Amino acid sequence: MNTLLSYMQELYAFCKLKLIVNLVLMVFLGLIEGGGVLLLIPLLSLAGIISGVPADGSWAFKVQGLFQVCGLAPTLPVVLGLYIVIIAGQSWLQRSQAICSVAIQQSFTSFLSIRLFRAIAYTRWLFLLSRAKADITHVLTTEVMRVGNGTHFFLQLLATGLIGIIQIGLAFLIAPGLTLFILGGGAVLFICSYPFIRQSRRMGLSISEFTRNLMFEVTEHLNGIKEVKSYGMEPVQIRNFATLRHTIERNFVRFTAVQSHTDFYYKVGAAVFISLFFYTAITFFKLNPQEFVLIVVIFARLWPRFSSFQVGLQYVVMMLPAFKAVLQLERCCLEEQELLLEEQLTTRLELTQGIEFRDVSFCYYAGRFNYAVDGVSVVLAAGTTTAFVGVSGSGKSTMVDLLLGLLTPERGGIFVDGRPLAQSLQVWRQSIGYVPQDSFLWNASIRANLQWACPEASESAMWETLGLAAVDEFVRSLPAGLDTVVGDRGVRLSGGERQRIVLARALLRKPSVLILDEATSSLDTENESRIQQALEDLHGKLTIVVIAHRLSTIRQADRIYVLEQGRVLEQGDYLSLSKNKGGRFAALASVSGTG
Ligand SMILES: Nc1ncnc2c1ncn2[C@@H]1O[C@H](COP(=O)(O)OP(=O)(O)OP(=O)(O)O)[C@@H](O)[C@H]1O
């Protein structure tokens with residue numbers, strides 16, 4: 001019930017005016033339909049089915065009065081002409097109302113998904129790390145779409161309800177006793193069908209769960225498709241997928257069965273009530289022929305509305321778990337927002353003094369004591385090259401993520417030119433060029449990938465940075481050159497080519513700080529030394545932070561920090577650290593063959 005209320009509040013807050021217009025159109029539709037029914041009276045008289053002078057106060061008398069007020073004679077051409085006008089008006093209104101409903105449905109769906117996407121985009125990295133990507137994709141696509149479909153049914157429900165109320169009102173004016181009697185029957189049926197609504201809610205929940213699992217299965221399968229193929233695990237994957245798909249299939253069939261039950265239930269109910277109706281109308285209510293015909297026509301039209309109201313209600317109830325999932329994810333993301341959204345994206349920061357880590361500690365799991373970074377105090381002076389080295393798991397990437405502001409220190413602080421990093425996060429990130437371990441490219445052309453980071457970059461600037469990253473010759477050799485499409489995550493390129501293009505993309509932004517996290521790990525010796533040369537050329541012009549397993553790449557670093565279990569074990573330049581033969585760095589250097 002609460003979810004339904006918050007859904008209605010959200011919908012109303014989003015499109016008050018459109019919703020009101022839609023409701024007004026529905027009321028008009030109801031009135032016009034009622035008018036069409038009343039036209040039956042002169043038609044029946046003209047056809048000679050009903051004869052005689054209408055009794056004072058009867059509906060035939062009132063309709064006759066209405067014709068007189070409008071200065072029209074109820075002749076056959078006039079009545080039929082009016083009938084055509086009413087049908088044309090009704091169809092036109094129906095068309096406008098249908099367009100208005102779809103506009104509401106679509107714009108509400110867009111509004112919800114854009115708002116959610118925005119909340120996700122600005123949420124903390126650590127929160128995103130804790131959620132499966134497939135879950136987020138599922139809510140952002142399937143669940144939002146289900147809310148959109150549910151909105152369609154909700155608007156239909158409103159239309160059915162409003163038009164129904166108007167027709168019931170008309171029926172009540174014609175024959176109050178009989179109308180109450182029939183409504184009582186409808187209410188009994190509605191109460192008896194409550195279990196179907198609860199069943200729909202349960203099904204809505206399980207559809208949410210199974211479609212999420214399906215999305216998870218598909219995403220995971222595609223992420224790990226190379227491994228799946230190389231392990232020959234296709235049959236297992238297909239079996240898992242088929243199991244999930246069949247479960248969803250069964251759920252939808254069950255939902256349709258519930259709906260058909262409702263339909264069946266209402267049809268049988270209709271037969272019982274029609275019999276009761278005729279019996280009571282003829283035996284107890286003693287209606288005159290005009291009123292009898294009008295009531296029959298009104299309820300013949302109204303009864304299917306009862307049934308479609310019920311079915312619409314089931315759809316809306318089935319949608320509610322999807323709406324709840326959308327709200328829940330959005331609320332979690334908003335609780336974990338990291339940036340001031342209104343911050344300017346265009347400003348950049350020119351580093352003048354440097355970056356300071358002051359007694360920084362960070363733990364991935366709150367409340368645990370296995371710190372990934374533990375009491376680190378380091379200074380990265382502006383214009384220098386700093387390297388972090390250490391065995392796997394020593395905390396190097398966590399240091400980079402802290403520096404990027406993706407992670408927030410649990411203790412201590414990071415200062416950029418003396419200001420806390422958290423105060424100017426967005427501006428800070430605008431000033432960084434970052435080449436991660438698993439370099440990512442969009443499934444687009446090399447040009448588009450470069451322009452993504454720097455939309456205003458000229459072609460010559462692109463070639464210049466491609467040259468700096470030692471990848472210009474390779475790009476020139478491609479048949480479509482800069483316009484070559486690189487495939488999913490750059491899958492059509494080798495690891496080294498991908499890494500160099502990502503490096504070019506980072507340099508194209510002319511960053512104040514360049515961060516390379518194992519950026520040369522996939523390169524051959526020749527290309528590595530070209531990049532080495534490029535970094536040496538950049539030395540002093542910008543602040544460079546390097547993480548490297550291959551210690552040959554950090555020979556020129558001004559300062560090297562050796563990390564172990566999240567702590568700084570040693571620090572110095574390459575030469576001084578190598579000379580300390582019993583030290584950790586010397587041991588690492590001898591293992592990597594660069595000592
Ligand atoms: N997302 C995460 N959730 C939980 N623990 C993590 C996460 N990422 C890293 N860790 C843990 O934090 C510690 C430091 O990891 P980090 O990735 O910073 O090391 P690293 O020195 O960069 O390793 P590598 O050289 O293998 O990339 C490790 O013990 C690791 O298991």
Side-chain angles (χ1 to χ4, degrees), residues 120 123-136 216 219-220 223-224 332-333 336 338 355 357 359-378 380 385-412 414 421 432 434-440 495-496 498-499 502-503 513-523 528 544-554 557 559-571 577 583-585 587-594:
I120 293 167
T123 204
R124 283 181 207 284
W125 175 238
L126 198 55
F127 172 76
L128 293 174
L129 280 181
S130 70
R131 295 290 291 240
K133 270 196 212 117
D135 272 359
I136 295 178
F216 189 79
T219 317
E220 290 289 281
N223 282 342
C332 292
C333 289
E336 295 283 338
E338 61 168 3
I355 308 153
F357 279 64
D359 196 21
V360 171
S361 295
F362 176 82
C363 183
Y364 281 98
Y365 303 103
R368 300 250 189 107
F369 296 105
N370 47 341
Y371 282 91
V373 168
D374 193 359
V376 169
S377 292
V378 295
L380 288 65
T385 298
T386 307
F388 290 100
V389 298
V391 292
S392 181
S394 56
K396 305 180 296 290
S397 295
T398 308
M399 283 292 287
V400 164
D401 288 350
L402 285 162
L403 183 58
L404 286 165
L406 292 175
L407 302 175
T408 316
E410 195 179 300
R411 286 201 309 266
I414 302 168
L421 173 62
I432 290 176
Y434 172 52
V435 185
Q437 258 175 28
D438 49 345
S439 25
F440 173 84
R498 196 161 53 233
Q499 235 169 11
V502 172
L503 176 60
V513 181
L514 179 65
I515 303 174
L516 308 170
D517 187 352
E518 298 286 350
T520 52
S521 59
S522 311
L523 301 184
E528 188 191 345
I544 302 175
V545 181
V546 187
I547 288 182
H549 272 135
R550 252 192 263 169
L551 300 188
S552 57
T553 51
I554 54 160
R559 194 127 201 104
I560 298 169
Y561 292 99
V562 183
L563 297 177
E564 192 151 295
Q565 293 186 348
R567 296 204 178 121
V568 176
L569 208 66
E570 290 171 19
Q571 55 180 296
L577 286 171
R584 196 78 188 93
F585 183 80
L588 286 171
S590 73
V591 172
S592 72
T594 51

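Remember, predicted model here, so these are calculated numbers, not experimental data. Hydrogens, waters and symmetry mates are skipped; everything else that's a heavy atom, side chains included, is used. Order of listing sets the numbers, starting from 1, for every ligand and every atom in it.
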Student: Anything with a heavy atom under 4.0 Å from ligand 1 counts, so go ahead and list those protein residues by chain and number.
Tutor: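 The answer is Leu129, Tyr364, Tyr365, Ala372, Val391, Ser392, Gly393, Ser394, Gly395, Lys396, Ser397, Thr398, Gln437, His549, counting any residue whose heavy atom sits under 4.0 Å from ligand 1.
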
Student: Could you walk me through whether Ser397 and Asp517 pass side chain to side chain donor-acceptor pair (under 3.5 Å), step by step?
Tutor: CA-CA 7 Å; Ser397 295; Asp517 187 352; 3.2 Å; yes

Student: Looking at Tyr371, I'd like to know if the NZ or CZ of Arg411 sits under 6.0 Å from its six-membered ring centre while staying within 45 degrees of the ring's axis.
Tutor: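 Relative to the ring axis of Tyr371, which defines the angle, Arg411 lies inside both limits.
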
Student: State the CG-OG1 distance between Leu406 and Thr398, to the nearest 0.5 angstrom.
Tutor: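 Leu406 CG to Thr398 OG1: 11.0 Å, rounded to 0.5 Å.
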
Student: Taking salt bridge (Lys or Arg N to Asp or Glu O under 4.0 Å) as the test, write out the residues that go with Glu336, two or more places apart.
Tutor: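 By the salt bridge (Lys or Arg N to Asp or Glu O under 4.0 Å) rule, Glu336 matches Arg124.
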
Student: For atom CZ of Phe216, is the number of surrounding heavy atoms from other residues, nucleotides or ligands below 6.0 Å larger than 12?
Tutor: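 No, because the 6.0 Å sphere around CZ of Phe216 holds 12 heavy atoms or fewer from other groups.
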
Student: How long is the span from the CD1 atom in Ile544 to the OG1 atom in Thr385, to the nearest 0.5 Å?
Tutor: 4.0 Å

